[in-house]
Amino acid sequence: MLKFEFWNIFWTVFNVLLLYILLRIFLFKPINRLMDERTREIQDDIDAAKKSREEAEALKQQYTDDLSNAREEARRIVMKAQDDAAAEKAVLMQRSQQDADKLIAEANKSIENERKRVLRQAQSEIADLAIEAASKIIGENVDDEKNRRIVDKFLSEEGESK
């Protein structure tokens, strides 16, 4: 059945080696080259994806930081606006109090001036009445100017003593 002949085995081994060498040259090298190239492309895609992910994470972190900074800045602006409003309110309150004090002082001054005017008018009328009463009691008309000075002096002394 099976016979082992040297030349037959030799040519079989020779054909297998020749086939292996030809396959290696014409088939394995191009396939290996294609596989290496494909592996390189896949690795490049993986590296690009990793780089893109890292950039996205960096952008996300930057966005988060910017958002946090914006919130902090907004909080600071609101606090400053509240402080400014409180300061402005205090200034307005102080100014209003000063204006009110000024109006009260002017009103008091006006009242005092009016009181003095009324007092002078009352003194003048009292002096006239006193002179008139004295003239009727004495029965003669005494010098008006001299009498008026006496009555005014009396009323001034009485006004100062009270």
Side-chain angles (χ1 to χ4, degrees), residues 1-128 151-162:
M1 303 228 254
L2 280 180
K3 292 195 245 176
F4 293 106
E5 290 184 18
F6 173 75
W7 288 108
N8 198 9
I9 293 175
F10 171 76
W11 286 112
T12 304
V13 170
F14 177 76
N15 283 333
V16 168
L17 285 176
L18 183 64
L19 181 64
Y20 175 74
I21 290 172
L22 290 175
L23 285 175
R24 186 173 173 139
I25 292 173
F26 294 110
L27 183 65
F28 295 150
K29 278 188 179 181
I31 288 176
N32 283 337
R33 195 174 332 114
L34 283 173
M35 288 178 67
D36 289 342
E37 188 176 307
R38 183 68 181 141
T39 302
R40 196 174 331 109
E41 287 176 6
I42 291 171
Q43 188 61 43
D44 290 346
D45 289 345
I46 290 172
D47 292 342
K50 186 185 285 187
K51 183 178 178 184
S52 295
R53 185 172 40 110
E54 289 172 357
E55 288 174 358
E57 286 177 6
L59 286 174
K60 179 183 175 188
Q61 184 62 38
Q62 182 181 3
Y63 170 76
T64 304
D65 293 344
D66 289 346
L67 185 60
S68 131
N69 290 341
R71 284 185 180 146
E72 181 64 25
E73 183 67 23
R75 187 188 65 74
R76 249 185 274 125
I77 289 171
V78 167
M79 292 296 291
K80 185 180 182 307
Q82 288 174 344
D83 292 345
D84 290 348
E88 185 67 24
K89 178 183 174 185
V91 167
L92 288 175
M93 291 296 288
Q94 183 181 9
R95 195 176 297 151
S96 297
Q97 185 63 41
Q98 288 173 349
D99 290 346
D101 291 345
K102 187 177 177 182
L103 286 174
I104 290 171
E106 288 175 3
N108 286 338
K109 187 177 179 181
S110 176
I111 290 170
E112 183 62 27
N113 288 338
E114 185 64 22
R115 187 185 70 75
K116 286 179 181 178
R117 187 190 64 78
V118 168
L119 221 115
R120 279 193 308 269
Q121 186 179 5
Q123 282 179 348
S124 174
E125 288 177 13
I126 291 172
D128 288 343
V151 170
D152 284 342
K153 182 179 176 187
F154 173 74
L155 289 176
S156 296
E157 290 172 0
E158 285 300 312
E160 289 176 1
S161 65
K162 290 183 182 182

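All of these numbers come straight from a predicted model, not from anything done at the bench.
If you take CD on Q98 and CG on L103, they are separated by 12.0 Å, rounding to the nearest 0.5 Å. For the atom pair CG of L34 and OG1 of T39, the computed distance is 10.5 Å after rounding to the nearest 0.5 Å. The CZ atom of F14 sits 5.0 Å away from the CG atom of L18 when rounded to the nearest 0.5 Å. Expressed to the nearest 0.5 Å, how far CZ of R117 lies from OG of S110 amounts to 10.0 Å. Going from atom CG of D36 over to atom CD1 of I31 covers 12.0 Å, rounded to the nearest 0.5 Å. Distance CG/D45 to CD/Q43: 9.5 Å, rounded to 0.5 Å.
At least one donor-acceptor pair closer than 3.5 Å links the side chain of T12 to the backbone N or O of N8.
Between E112 and K109, no side-chain nitrogen of the basic residue sits less than 4.0 Å from a carboxylate oxygen of the acidic one, so the salt-bridge criterion is not met. Under a 4.0 Å N-O distance rule, the pair K60/E57 does not qualify as a salt bridge. Between E41 and R38 there is a salt bridge, since at least one side-chain N of the basic residue sits less than 4.0 Å from a carboxylate O of the acidic one.
Within the 4.5 Å cutoff, no side-chain heavy atoms of Q97 are placed close to those of M93.
Judged by distance alone, the side chains of E73 and N69 never bring a donor and an acceptor atom under 3.5 Å apart.
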Margin query: For a side chain to side chain contact (heavy atoms under 4.5 Å, CB included) check, start with the C-alpha distance between R76 and K80, then their side-chain angles and the critical distance, and finish with the verdict.
Written below: CA-CA 6 Å; R76 249 185 274 125; K80 185 180 182 307; over 6 Å; no

Checklist line | Check against salt bridge (charged side-chain N to carboxylate O under 4.0 Å, His left out), E37 and R40 | finding: CA-CA 5 Å; E37 188 176 307; R40 196 174 331 109; 5.3 Å; no

Notebook entry, point to check: Do F28 and Y20 pass the side chain to side chain contact (heavy atoms under 4.5 Å, CB included) test, and can you show the C-alpha distance, the side-chain angles, and the key distance before you say yes or no?
Noted result: CA-CA 10 Å; F28 295 150; Y20 175 74; 4.2 Å; yes

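Classified by interplanar angle (parallel below 30°, tilted 30° to 60°, perpendicular above 60°), the ring pair F10/F6 is parallel.
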